[in-house]
Amino acid sequence: MKKLLLLGALVLVSLMSVSAVHIEHRTMLLSASLTALQGSATGSAFVRITEGVNPESVVRVTTQGLPYLGQTKVYEAWLVAGDYWQSMGVFPSSFSGQTALTYTIADDISFAELVVITEEPYIDVNPLPGKNVMIGELAQQTARSFRRMQPEPIYTTSEGSLRYKLYSLGVR
Amino acid sequence: MKKALIASIVLIVLASTVLATHFYRTPFQVENKGAYGLYSGVSRVVDYDPRVTGYIKIEEIVYLEPIDGPANIRGYSHYAPRGTARFNTGGSLYYPRGQVLIQVKDVPTTYDSGSILAGYLFDEESGHALKLGVFETRQGGVGILQYRIQQALDKYDYVVITKEAEPDHDPMPSDDIVLWGQITKPSGYTEATFTSQERLFGKGLG
């Protein structure tokens with residue numbers, strides 16, 4: 001009887017540790033409805049953020065009605081937070097106007113406030129954003145997510161301090 | 001006599017393969033020399049930019065080291081932080097690709113220090129930093145970060161690993177650079193130039 005009790009306690013403790021791990025890896029869902037700055041194109045962005053020791057974020061951007069740009073220009077999707085623009089990749093335009101992009105990063109991107117789609121040249125040597133085409137504000141999906149982190153962002157300027165650090169150390 | 005003749009013929013045939021392997025050239029091994037002994041075709045264009053045919057292809061291993069150099073000036077310490085970044089970019093209009101695989105060793109462990117490491121690609125011309133994600137180092141200072149994006153990454157010049165506070169609410173890189181390495185561009189690569197307005201506001205925002 002005593003052994004059974006000990007065994008039960010052991011199982012209970014192990015189950016608690018498993019549940020603790022699950023609590024640590026919480027999921028947050030964000031979404032944005034994208035609207036075109038010119039024209040009637042529409043779109044949406046869904047973000048799934050897994051918080052925890054190894055954070056991961058997945059973004060799915062879909063658009064309808066974006067104009068065809070030919071083979072000289074492409075669209076680029078961005079996550080924007082203050083002055084910081086995080087590229088999510090480029091995608092070519094299509095005749096049907098329907099495009100999609102999936103982006104995965106090992107990071108918690110709950111800092112993101114906007115999803116923006118820009119127009120870029122096909123061979124783009126400039127990492128900075130081009131002409132804005134669509135924009136959408138990220139909001140929490142309350143039905144399925146646990147919480148939205150409310151960070152106090154400390155955004156530095158777009159110049160960035162890293163560059164000056166490299167220069168000050170003579171790195172060219 | 002007949003046997004000797006057959007043997008000699010067989011010997012000659014076998015020996016000819018040696019000559020063939022020595023002198024034979026495949027159709028791709030053509031000497032690219034014109035009438036005046038000058039190189040002709042694409043190879044004579046000295047400022048040829050491979051990007052005219054699509055995204056430039058770079059497959060390179062970038063060696064990462066501390067920004068102040070190795071700690072032991074008399075020799076490279078066995079336990080100095082170090083790492084590699086396998087940098088891979090290329091593709092076409094419809095299938096652009098960029099991949100970075102960062103592996104570090106002997107970097108001070110972060111799992112119990114309230115900090116976390118973040119990988120960045122940094123473009124010197126524009127000052128733009130692209131975050132590749134965050135990762136931890138554990139026993140042995142070992143850490144790994146994998147990043148994939150549907151985009152060519154040839155425009156970036158450095159792979160930089162910084163130490164960030166955890167949780168990291170600021171997407172910009174901190175000043176605490178743990179490791180860095182320069183991406184070597186292929187010959188003929190033309191760097192972009194920017195105006196001060198582009199540096200501050202981007203290409204289409206000013």
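Numbered from 1 within each chain, the chains take letters A, B, ... in sequence-line order.
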Pairwise distance [atom1]([X]) to [atom2]([Y]) - rounded to 0.5 angstrom:
X	Y	atom1	atom2	result
B:Met172	A:Asp83	CE	CG	7.5 Å
A:Asn54	B:Glu136	CG	CD	6.5 Å
B:Gln150	A:Met88	CD	CE	11.5 Å
B:Glu125	A:Leu128	CD	CG	11.0 Å

More than 12 heavy atoms of other groups within 6.0 Å of [X] [atom1]:
X	atom1	answer
A:Glu137	CD	no
B:Tyr63	OH	no
A:Arg60	CZ	yes
B:Arg97	CZ	yes

Under 4.5 Å from any heavy atom of chain A, what part of [X] do you find: side chain, backbone, both or neither?
X	value
B:Leu93	both
B:Tyr94	both
B:Leu132	backbone
B:Leu145	side chain
B:Tyr156	side chain

Using non-hydrogen atoms and a limit below 4.5 Å, what part of residues 89-107 of chain A faces chain B?
->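 So the qualifying residues are A:Gly89, A:Val90, A:Phe91, A:Pro92, A:Leu101, A:Tyr103, A:Thr104, A:Ile105, A:Ala106, A:Asp107.
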Any side-chain heavy-atom pair of B:Leu130 and A:Pro127 under 4.5 Å |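 No, their side chains stay 4.5 Å or more apart.
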So do A:Gln86 and B:Pro171 actually touch side chain to side chain, heavy atoms under 4.5 Å?
->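 Not touching, per the 4.5 Å side-chain cut-off.
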Taking all atoms of both residues into account, what is the closest heavy-atom pair of B:Ile149 and A:Ser87, and its distance?
->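 Nearest heavy atoms, B:Ile149 then A:Ser87: CD1-O, 3.7 Å.
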